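Note that the structure is a prediction, hence the values are computed from the model and not measured.
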Amino acid sequence: MPVLSEQIMKNMEKIGYRIVGPNKHSAVKICSWTRNSLRGRGVCYKEKFYGIQAHRCLQMSPAVPFCTNNCLYCWRLRTATKPEWSGPADDPDIILDEAIQAQRKLLQGFAGNQEAQDKFYEAERPNQVAISLDGEPTLYPKLNGLISEVLKRKMTAFLVTNGTMPKVIENLTQPTQLYISLSAPNKEIHKKTCQPLLKDAWERLQKSISFLQNFTCNTVIRLTLVKNLNMTKPDQYAKIIDKSNTKFVECKAYMCVGGSRKRLKYEQMPSHEEIQTFAKQVAEHSGYKIKDEQKESRVVLLTR
């Protein structure tokens, strides 16, 4: 029996998801920046910062129903959240094949769009996989196999995790880029912001961050910042960041979209100027400096 109910799957499809795989625990969804890139209306900040092609990016997750946090700022559906894996796990090659096919079907509306002609046929053959769409991917028991399958197909793999599964991080097959979300400067604010389902979530996160120095791929700590919640104490963020020796840091504004609108106010979404100020404060307290930014995404990039 699928972990996701028929009603939840219907609700997800209404907002653009496509559920893939025989056991229905994986999904794909077209990113708004992929659409913008196809229309020639700008690209994702990851293209500007890291060189991926936004129109060829496959945004997916192998663990849609499973997550160890209930973050207030999460725009996703949270009705299906489970803190540990249950049921059978689909094989990585099947998930990836079906995700690519689903993405192609979702993109068909661009086939006759004159603005998209230059990029449409490339978009049908994605070369970048963002394992970040929904849920916590480190709960998927075949994650190493999925990363290996992506790389075997000459695609890049960007993995985003909340860091609550340090044993998985410690033994992870290296992706092209590894993100760990640091959503608070201390345990108290982490509990309030992320509403973790694991009692030792903060300690697990710190352990995962400590493993970043063992990776040779690009590593990123991402701060998703919400006014009057976790956008505070830049010196404490800086202390954690310095210890991690991560290659990059992203200071990014919470965006008031999706399900988060039920939990947070529009006024809690920082402006780009406020993100710039906070990023400067983090830099002043750390060994990192500002390298780049993208105003449209309200994000500032730091590096050593």
In plain terms, say whether Asp93 and Lys152 are close enough for a salt bridge, that is, a side-chain N and a carboxylate O under 4.0 Å apart.
-> no

In terms of heavy-atom contacts, does NZ of Lys233 have more than 12 from other residues, nucleotides or ligands at under 6.0 Å?
-> no

Ignoring hydrogens and geometry, is there a side-chain-to-backbone donor-acceptor pair from Asp242 to Gly287 under 3.5 Å?
-> yes

Decide yes or no for Lys24 and Met9: does some side-chain heavy atom of the first lie under 4.5 Å from some side-chain heavy atom of the second?
-> yes

For residues Thr156 and Gln177, is any side-chain donor paired with an opposing acceptor at under 3.5 Å?
-> no

Hey, is the main chain of Ile241 close enough, under 3.5 Å, to the side chain of Ser244 for a donor-acceptor pair?
-> yes

Hey, does the side chain of Ser260 reach the backbone of Cys74 with a donor-acceptor pair shorter than 3.5 angstrom?
-> no

Which distance, rounded to the nearest 0.5 Å, do you find between the CZ of Phe278 and the CD of Gln276?
-> 14.0 Å

Heavy-atom check, side chain of Leu4 versus side chain of Met12, under 4.5 Å | yes

Nearest atoms (heavy-atom pairs only) where Ile19 meets Glu13 = N-OE2, 4.3 Å

Just wondering, more than 12 heavy atoms not from Lys239 lying within 6.0 Å of its NZ?
-> no

The single option from Glu47, Arg41, Lys46 that satisfies side chain to side chain contact (heavy atoms under 4.5 Å, CB included) with Val43 is Glu47

Looking only at non-hydrogen atoms, find the nearest pair between Asn144 and Thr173 and report the distance.
-> OD1-N, 2.7 Å

Within the side chain of Glu284, is there an N or O that forms a donor-acceptor pair under 3.5 Å with the backbone of Pro234?
-> no

Answer yes or no: is there a donor N or O on one side and an acceptor on the other, between the side chain of Ser297 and the main chain of Val299, under 3.5 Å?
-> no

Is Phe49 close to Asn218 at the side-chain level, that is, under 4.5 Å between some pair of heavy atoms?
-> no

Please state whether the rings of Tyr140 and His25 are parallel, tilted or perpendicular, taking 30° and 60° as the class boundaries.
-> tilted

State, to 0.1 Å, how close Ala89 and Pro141 come at their nearest heavy-atom pair, and which atoms those are.
-> CB-CG, 3.6 Å

Distance, nearest 0.5 Å, that separates CZ of Arg56 from CD of Gln103 = 11.5 Å

Considering only heavy atoms from C-beta outward, does the side chain of Tyr254 approach that of Met231 to under 4.5 Å?
-> no

Roughly how far apart are Lys280 NZ and Cys251 SG, rounded to 0.5 Å?
-> 12.5 Å

Ser181 versus Val160: any side-chain heavy-atom pair under 4.5 Å?
-> yes

Do you know the tightest heavy-atom contact between Ala102 and Arg18?
-> CB-CB, 4.0 Å

May I ask you to decide whether Lys187 forms a salt bridge with Glu203, counting only side-chain N to carboxylate O separations under 4.0 Å?
-> yes

Taking the side chain from Thr219 and the backbone from Leu178, do they hold a donor-acceptor pair closer than 3.5 Å?
-> no

Residue pair Pro166 / Phe211, side-chain heavy-atom distance below 4.5 Å | yes

Just checking, is any N or O donor in the side chain of Gln7 or Asn11 under 3.5 Å from an acceptor N or O on the other one?
-> yes

Between Thr68 and Thr164, does any side-chain donor sit less than 3.5 Å from a side-chain acceptor?
-> yes

In short, Val168 meets Thr138 closest at the heavy-atom pair CG2-O, 3.6 Å

Tell me, do Pro22 and Ile94 make a side-chain contact under 4.5 Å, heavy atoms counted?
-> yes

Consider only side-chain N and O atoms of Asp134 and Tyr17, and report whether a donor and an acceptor are under 3.5 Å apart.
-> yes

Measure from the side-chain N and O atoms of Lys48 to the backbone N and O of Gln294, and report whether any donor-acceptor pair falls under 3.5 Å.
-> no

Residue Glu84 excluded, over 12 heavy atoms near CD under 6.0 Å | no

Taking atom types as modelled, is there a side-chain donor on Glu124 or Gln108 under 3.5 Å from an acceptor on the other?
-> yes

Give a yes-or-no answer on whether the side chains of Ser132 and Gln59 include a donor-acceptor pair shorter than 3.5 Å.
-> no

Side-chain donor or acceptor of Asn127 paired with backbone N/O of Lys154 under 3.5 Å = no

Compute the centroid of each ring, for Phe248 and then for Tyr50, and state whether the two points are separated by less than 6.0 Å.
-> yes

Do other residues, nucleotides or ligands put more than 12 heavy atoms under 6.0 Å from the CD atom of Glu188?
-> no

Keeping the roles fixed (side chain from Glu98, backbone from Gly21), state whether a donor-acceptor pair exists under 3.5 Å.
-> yes

Closest heavy-atom pair, Ser26 versus Ile95, reported as atoms and distance to 0.1 Å, is OG-CD1, 3.4 Å

Do the side chains of Tyr179 and Ile275 join up, straight or via other hydrophobic residues, at under 4.5 Å, putting them in one cluster?
-> no

Taking 4.0 angstrom as the limit, do Arg222 and Glu250 come out as a salt bridge?
-> yes

